[in-house]
Chemist: 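Sharing a structure with you now.
Every heavy atom of this structure was used, including side-chain atoms; hydrogens, water molecules and symmetry mates were not. Order of the sequence lines sets the chain letters (A, B, ...), proteins ahead of strands, with each chain counted from 1.
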Amino acid sequence: MKAGDYYILWAYKPESSPGSRQIQLWHFILELLQKEEYQGVIAWQGDYGEFVIKDPDEVARLWGIRKCKPHMNYDKLSRALRYYYNKRILHKTKGKRFTYKFNFSKVVLVNYPILDMASSPFFLAPAVHSSFFAKEWWLLS
DNA sequence: TTCGGAAAAA
DNA sequence: TTTTTCCGAA
């Protein structure tokens with residue numbers, strides 16, 4: 001397969017695989033985004049890859065629970081999100097409150113089984129051969 | 001609200 | 001190296 005054949009890069013990256021240590025914030029964001037029950041808290045909205053944090057305090061609370069950081073808040077969570085700008089994982093959708101957008105031209109990663117991706121917009125990307133979803137992660141740019 | 005420097009933490 | 005914490009500036 002040629003890297004140029006895909007717009008996204010999405011792969012299953014086991015928690016135990018080398019290189020994946022603790023849950024990363026954007027993995028977590030992606031996780032919430034793919035679950036129906038959190039649509040009132042955070043959801044895809046607008047352009048492809050764009051999402052809105054409808055309830056900043058709740059997202060921060062959930063993130064705090066996951067990372068065992070009881071004092072997490074949106075101010076701090078959003079700082080972590082801002083660090084993603086230079087890393088080209090995310091960028092801000094200016095003018096839209098609490099709205100960010102994933103830069104799919106960069107990577108992809110994922111910590112979750114492909115079966116859980118059915119509801120995500122990534123699934124709308126050009127078909128990718130199933131062999132692509134190996135138990136490793138990929139970085140295409 | 002959003003940004004990004006600085007420093008500490010993990 | 002990523003995230004947390006703190007915070008002044010825009």
Chemist: Please check the phosphate of C:dT3 (OP1 and OP2 only) for any side-chain N or O of A:Trp26 closer than 4.0 Å.
Modeler: no

Chemist: To the nearest 0.5 Å, what is the distance between CG on A:Asp75 and CG on A:Asp57?
Modeler: 11.0 Å

Chemist: With under 30° as parallel and over 60° as perpendicular, where do the rings of A:Tyr85 and A:Tyr100 fit, or are they tilted in between?
Modeler: tilted

Chemist: Has A:Tyr83 got a side-chain N or O lying under 4.0 Å from the OP1 or OP2 atom of C:dT4?
Modeler: no

Chemist: Can you tell me how far P of C:dC6 sits from CE of A:Met72, to the nearest Å?
Modeler: 10 Å

Chemist: Find the distance A:Leu81:CG to B:dG4:C1' and express it as a whole number of Å.
Modeler: 14 Å

Chemist: Quick one: A:Phe28 CZ to C:dT4 C1', roughly how many Å, whole number?
Modeler: 15 Å

Chemist: In whole angstrom, give the distance that lies between atom CG of A:Asn73 and atom C1' of B:dT2.
Modeler: 14 Å

Chemist: With nearest nucleotides of DNA chain B determined for A:Ser78 and A:Asn86 from heavy-atom distances, which residue corresponds to the more 5′ nucleotide?
Modeler: A:Ser78

Chemist: For the pair made of CD1 in A:Ile23 and P in C:dT4, what is the distance, rounded to whole Å?
Modeler: 11 Å

Chemist: Using 30° and 60° as the class boundaries, would you call the ring planes of A:Tyr84 and A:Trp26 parallel, tilted or perpendicular?
Modeler: perpendicular

Chemist: Any donor-acceptor pair under 3.5 Å between the side chain of A:Arg79 and the base of B:dG5?
Modeler: yes

Chemist: Nearest 0.5 Å, what's the CG-CD1 distance between A:Leu33 and A:Ile42?
Modeler: 5.0 Å

Chemist: For C:dT4 and A:Lys69 - does any side-chain N or O of the residue sit under 4.0 Å from the phosphate oxygens OP1/OP2?
Modeler: no

Chemist: Would one find a side-chain N or O of A:Lys76 under 4.0 angstrom from OP1 or OP2 of C:dT4?
Modeler: no

Chemist: Report the nucleotide, chosen from C:dT2, B:dC3, C:dT3, that has the shortest atom-to-atom distance to any side-chain atom of A:Leu25.
Modeler: C:dT3

Chemist: Taking OP1 and OP2 of C:dT4, is either one under 4.0 Å from a side-chain nitrogen or oxygen of A:Lys67?
Modeler: yes

Chemist: Nearest whole angstrom, please: distance from the C1' of B:dA6 to the CZ of A:Arg82.
Modeler: 14 Å

Chemist: Rounding to a whole Å, what distance do you find between A:Tyr74:OH and B:dT1:P?
Modeler: 8 Å

Chemist: The side chain of A:Asp75 is closest to which nucleotide in this list: C:dC7, B:dT1, C:dT5?
Modeler: C:dC7

Chemist: Can you check whether A:Tyr85 has a side-chain N or O nearer than 4.0 Å to OP1 or OP2 of B:dC3?
Modeler: yes

Chemist: In whole Å, what is the span from the CZ atom of A:Arg66 to the P atom of B:dA10?
Modeler: 19 Å

Chemist: How is A:Lys92 classified with respect to the nucleic acid when contacts are heavy atoms under 4.0 Å: base, sugar-phosphate, or nothing?
Modeler: sugar-phosphate

Chemist: Report the distance from atom NZ of A:Lys69 to atom CG of A:Leu77, rounding to the nearest 0.5 Å.
Modeler: 13.5 Å

Chemist: Contact class for A:Tyr100 (heavy atom, under 4.0 Å): base, sugar-phosphate, or nothing?
Modeler: nothing

